[in-house]
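Report on one structure; see the data block that follows.
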Amino acid sequence: MNITKICCIGAGYVGGPTMAIIAQKCPDIKVTVVDLNEERIAQWNNPDVTKIPIYEPGLSEVVSEARGRNLFFSTDVDGAIDEAQMIFISVNTPTKTYGSGKGMAADLKYIELCARQIARVAKDDKIVVEKSTLPVRTAEAIKSILDNTGNGVQFQILSNPEFLAEGTAVEDLLKPDRVLIGGDTTPAGEAAIDALVNIYSKWVDRNNILTTNVWSSELSKLTANAFLAQRVSSINAISELCEKTGADVNEVARAIGMDSRIGSKFLKSSVGFGGSCFQKDILNLVYIAKTFGLREVADYWEQVIIMNDHQKRRFANKIVSTLYNTVADKKICFLGWAFKKDTNDTRESAAIYVASDLVSEQANIAVYDPKVESEQVISDLEYIGVSEKGRDRVKSYGSAYEACDSAHAIAVLTEWDEFKEYDWTLIYKNMQKPAFVFDGRNLLDGKKLTEIGFIYKSIGS
Ligand code: UDX
Ligand code: UDX
């Protein structure tokens, strides 16, 4: 099957960049990205491409090349579904906040709504591609909805999990380690898989395109994220031991990372991992294991989350205890709010939880993040239940120098490169003394800061 029209439901961090690259690499395919959120679509259509709603290095260039040529952003979901032969579902699947599986299972209501809408609108055969990370066996549920509520047309469901990491999305999409496509092992399933393989093979070596059954594909995504998150929790667990023993976690990470069996990536000790995927995907894994009565399996993976929560809390506690056991009415500057550098995404960012802990100790927080707006900071705090009184203690600033002015301490929450380039002597001069730096990313040159006069505390040494 030769695909000439694609639709993607969900213009978020996954749908937007992925479709922009497909459109760039396949100029003969019309790619329409739709979203219920009108404001988001309007932002994607902003004539000034630097104002698109998602910040990713290199993304605005790709969008400016393809937009209006064969890449379109629209709120006409029905129209886009109707004309497409292939529909990607890329809507969010947050952790359930109610009912059975609350706090653990994925909320699939948006996925179900999409499936029902596709079924209602489709007048000819369609290939439906799961792009959102989903619990294992979701494809089956989508299939059941499509087949039972549709107009008698044929649907093929593919699982095509996205492995891009935010902040490097464009690079990851252009040169993926692998593309994974799961589908039915029937002739029609294999034809659908081929149709998607043909799209990716426009720019990805066929040897790097893996095809599997649907369930292997779904489970592989959860497993990849669980393994990556586990590495971060593992090194973070060692960081606490390092602080007690006099070992230095950066040295330990370097030493173990040079073992080619272990490898050097994802060994950076930090204030804790964040992002929309790690926690959610592990919770999904835990929930599935529990559902099948696999208690040990569930407990094993849940420990990765427990460790991560501990690391965030431990960082906040260390700030309080170092500042002579009280931060009440002290000004603490947060450098960074995003969950990692080079993104404006703040979902599950460690900064939110550390701020919440410090605010409950009545600290005042001054936030500077190069890409995060002040409204986002406040809505993140509201989302996790910080009271209005607490939120009033948190203010955003337009520059790090302002945020640090007369602060008692600085906490580095995101590893933005620009923080390394600052005039730290000037920052020191304008702070309260003694001036502390709590480096939650082990980003800064501790020796240099100590020479300037700071009391410098890193993670794991
Ligand atoms: C991320 C992950 O990458 C994904 O795998 C995970 O399952 C959820 O979080 P992401 O693209 O980052 O996905 O989500 P988000 O930026 O929230 O984008 C989802 C978009 O879907 C939003 O713009 C939302 O408005 C839209 N949406 C949601 C719809 O268009 N229709 C719906 O029914 C629900
Ligand atoms: C992750 C997966 O990497 C990606 O393949 C998947 O598609 C979505 O989930 P993402 O969440 O965007 O991507 O970012 P990632 O680079 O994996 O970082 C996740 C979190 O772990 C961040 O908060 C990051 O700061 C933290 N981290 C990562 C560490 O603390 N230490 C490390 O060594 C690596």
Side-chain angles (χ1 to χ4, degrees), residues 8-19 33-41 43-44 53-54 56 73-75 77 80 88-95 106-117 130-135 138 160-169 172-173 176-178 180 220-222 224-236 239 249 253 257 264-282 284 308 311-312 336 338-351 413-415 440-443 459:
C8 172
I9 310 180
Y13 283 88
V14 171
T18 310
M19 292 303 126
V33 190
V34 293
D35 202 295
L36 290 177
N37 183 334
E38 285 177 19
E39 194 192 330
R40 209 166 206 187
I41 291 297
Q43 288 172 322
W44 279 110
I54 283 163
E56 277 291 342
F73 295 92
S74 160
T75 50
V77 184
F88 289 78
I89 303 186
S90 196
V91 299
N92 43 333
T93 51
T95 304
D107 192 340
L108 297 179
K109 72 178 174 206
Y110 302 130
I111 298 281
E112 176 164 349
L113 285 173
C114 285
R116 288 184 185 275
Q117 190 164 10
E130 294 180 342
K131 199 75 191 154
S132 311
T133 311
L134 295 163
T138 305
N160 172 219
E162 187 49 72
F163 292 102
L164 68 82
E166 290 175 29
T168 52
D172 295 347
L173 284 161
D177 286 350
R178 76 317 205 173
L180 182 56
S220 299
K221 173 68 197 248
L222 297 188
N225 276 345
F227 270 57
L228 290 169
Q230 183 191 40
R231 279 176 73 96
V232 178
S233 274
S234 297
I235 199 72
N236 281 345
S239 76
V249 77
S264 60
K265 293 181 181 157
F266 267 73
L267 284 180
K268 189 116 189 90
S269 190
S270 68
V271 56
F273 60 74
S276 71
C277 287
F278 278 7
Q279 169 154 320
K280 186 190 69 176
D281 289 355
I282 293 174
N284 268 329
N308 195 50
Q311 188 77 351
K312 291 182 267 188
F339 81 100
K340 62 187 282 197
K341 72 171 179 179
D342 291 341
T343 178
N344 59 344
D345 193 354
T346 61
R347 286 175 288 180
E348 290 300 328
S349 180
L413 276 305
T414 313
E415 72 283 24
R441 294 288 181 168
N442 292 355
L443 175 77
I459 301 259

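Just follow the structure's listing: the first ligand is 1, and inside any ligand the first atom is 1.
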Consider every N or O of V91 and every N or O of ligand 1, then say whether any pair is closer than 3.5 Å. no
F278 meets the ring pair (Phe, Tyr, Trp, His ring centres under 6.0 Å) criterion, sequence neighbours left out, with F273
Need the ligand 1 atom indices (1-based, order shown) with element for anything under 4.0 Å from a heavy-atom of [X].
X    : result
G12  : 11 (O), 15 (P), 16 (O), 18 (O)
T93  : 6 (C), 7 (O), 8 (C)
Y110 : 33 (O), 34 (C)
N37  : 25 (O)
S90  : 19 (C)

Heavy-atom contact under 4.0 Å between L113 and ligand 1? no
N284 CG to Q279 CD distance, which is reported to the nearest 0.5 Å: 11.0 Å
Presence of salt bridge, R347 and E166, under 4.0 angstrom: yes
Thinking salt bridges, do E162 and K131 make one under a 4.0 Å N-O criterion? yes
Heavy-atom check, side chain of T168 versus side chain of D342, under 4.5 Å: no
Check whether any side-chain heavy atom of S276 sits under 4.5 Å from a side-chain heavy atom of F339, and report yes or no. no
What residues form a salt bridge (Lys or Arg N to Asp or Glu O under 4.0 Å) with R178, not counting sequence neighbours? none
Among residues at least two apart in sequence or on other chains, which ones pass side-chain contact (heavy atoms from CB on, under 4.5 Å) with S264? none
Using a strict cut-off of under 4.0 Å between a residue heavy atom and any atom of ligand 2, list the qualifying protein residues by chain and number. E162, F163, L164, A165, E166, K221, N225, L228, V232, F266, L267, K268, S270, F273, G274, C277, F278, F339, K340, R441
Taking atom types as modelled, is there a side-chain donor on N92 or Y13 under 3.5 Å from an acceptor on the other? no
